[in-house]
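These notes concern the structure reproduced below.
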Amino acid sequence: MKSSKLIMGCLATLGLTAGMSSAQAEVDRDAIAERLAPAGQLCLQGDDCATTVAAASGGGEDSSGALDGESIYGNVCAACHESGAAGAPVRGDESGWAERVDKGWDELLANAINGIGAMPAKGGNSSLSDEEVAAATAHLLEPVMDVPEVGGDEATEEEVSDEAAASEGDSASDDEAASDDEAASDDGESATADGGSDSGLDGEALYGSSGCAACHDSGAAGAPVVGDADGWADRLDKGTEELYANAINGIGAMPPKGGSSASDEEVQAIVDYMISEVE
C-alpha cells in the first residue's frame, strides 16, 4: 500500500515538473518574440505596406476621437525617422532638418503625402488620409519647427491636396536627392542583423521574426538578398567577424541590429543563417 502511494506521488511530481517546464518554454519563446519585435515597418518606394500598418494603427485616433499623430508616427514613420534608415532625417535632429524646415510646413507636408526620394507616398501606408499624414508629420516636426494645429476644420483634405499638387514639382530638392544617393550607395555595404550560430538559436526563425526579411528578402534599401551568392560575394570576403560587427552596430542605411532589440548572440545567429544560404 505504501509502495503504491509512493509511486503515485512520484508520478504526480513528474507530471507537475513536466507541466512547469512546458509553461516556462512558452514564456521563453514569448519573451524572445517580444524582444525581437521591430520598432516599426521599413517601407520604401514601391512597397505595399498599407493594410497591415493601418490595422496596427487603429485608425490613428485617441480615446476622444481626435487624431493621434504620435501613434500614427510610431506605427508608420518611426522605423526610418528614429534610426535614420534610407537617409531619413531623424526626429529631433536639428542639423539634419535645418535645410528642410526652411522649405516650410506646406512643402514638407506635400512631400510626406506624395513621397520623396526613397520615401513612398504617405510613408507606404496609402490607407492614411491626408489629415492623418498631417498629424504624423506635425509630431515628427514638432521638436524642430513650429507646426500648425491639425485635425481641425481649418485644414481640409482638399486644401492639403492642392498644396501637395503645387509643391510636387519641387519635392525632389537637390540636397535631399544627394542624401538619398549617398544612402543608396552606403546600402550596398549593408549586412543584416539577427541570430543563429553555435548558440543553438534558430537563426532562420529569428531572421523571419526580427524584421530582417523585410529588406533581405526584397533587396530594399540596397540590402543583399538572402541566397544571392553574387550579392554576398564581396561581403563574405570580409569574414564572419566583420559581418557580425556590421549587423550589430549598423552600416549604411541599416540601423544597429536591424532596428530590433535582439541580443548580440541572436544577431549573430541570424547572420550565420544568411551566410549559410550562400555558401
Sequence neighbours left out, what passes side chain to side chain contact (heavy atoms under 4.5 Å, CB included) with Glu94? Give chain and number order.
-> Val144

Side chain to side chain donor-acceptor pair (under 3.5 Å) involving Glu70 - partner list, sequence neighbours excluded = none

Verify side-chain contact (heavy atoms from CB on, under 4.5 Å) between Leu236 and Val278, making sure each step is shown before the conclusion.
-> CA-CA 9 Å; Leu236 293 177; Val278 292; 3.8 Å; yes

Are any of the side-chain heavy atoms of Arg100 and Asn111 separated by less than 4.5 Å?
-> no

How close do Ala247 and Val271 get, heavy atom to heavy atom, and via which atoms?
-> CB-CG2, 3.6 Å

Criterion side chain to side chain contact (heavy atoms under 4.5 Å, CB included) against Gln268, the qualifying member of Leu201, Leu243, Ile248 | Ile248

Side chains of Trp232 and Glu277: does their closest heavy-atom pair fall under 4.5 Å?
-> no

In Å, rounded to the nearest 0.5 Å, how long is the span from CG of Leu109 to NZ of Lys103?
-> 13.5 Å

Tell me the ring-ring contact (aromatic ring centres under 6.0 Å, His included) pairs involving residues 118-145, sequence neighbours left out?
-> Tyr73-His139

Taken to the nearest 0.5 Å, the spacing of Glu265 CD from Leu206 CG works out to 10.0 Å

Heavy-atom closest contact (Pro143 atom, Gly92 atom, distance) | CB-CA, 3.9 Å

Can any side-chain N or O of Glu132 pair as donor or acceptor with the backbone N or O of Ser129 at less than 3.5 Å?
-> yes

Name all residues meeting the ring-ring contact (aromatic ring centres under 6.0 Å, His included) criterion together with His81; count only those two or more places apart in sequence or in a different chain, and write none if there are none.
-> none

Nearest heavy-atom approach of Ala79 to Ala85 is O-CB, 4.2 Å

Over all heavy atoms of both residues, which pair between Ala134 and Trp105 is shortest? Give the atoms and the distance, please.
-> O-CH2, 3.5 Å

Run the side-chain contact (heavy atoms from CB on, under 4.5 Å) check on Thr240 and Asp272 step by step: do they pass?
-> CA-CA 8 Å; Thr240 303; Asp272 288 341; 4.3 Å; yes

For Asp264 and Tyr244, run side-chain contact (heavy atoms from CB on, under 4.5 Å): C-alpha distance rounded to whole Å, both residues' side-chain angles, the deciding distance at 0.1 Å, then the answer.
-> CA-CA 9 Å; Asp264 289 357; Tyr244 285 160; over 6 Å; no

Closest heavy-atom pair, Gly96 versus Pro89, reported as atoms and distance to 0.1 Å, is O-CB, 4.1 Å

Just wondering, more than 12 heavy atoms not from Asp237 lying within 6.0 Å of its CG?
-> yes

Looking at residues at least two apart in the chain, or sitting in another chain, which of them share a side chain to side chain contact (heavy atoms under 4.5 Å, CB included) with Asp228?
-> Val225, Asp230

Name all residues meeting the side chain to side chain donor-acceptor pair (under 3.5 Å) criterion together with Asp93; count only those two or more places apart in sequence or in a different chain, and write none if there are none.
-> Ser95

Spacing of OG1 belonging to Thr137 relative to CD1 belonging to Ile72, to within rounding of 0.5 Å | 9.5 Å

Search all heavy atoms of Val150 against all heavy atoms of Ala135 and return the closest pair with its distance.
-> CG2-CA, 3.5 Å

Applying side-chain contact (heavy atoms from CB on, under 4.5 Å), run through Leu108 and Met145 and close with a yes or a no.
-> CA-CA 11 Å; Leu108 292 175; Met145 67 178 289; 3.8 Å; yes

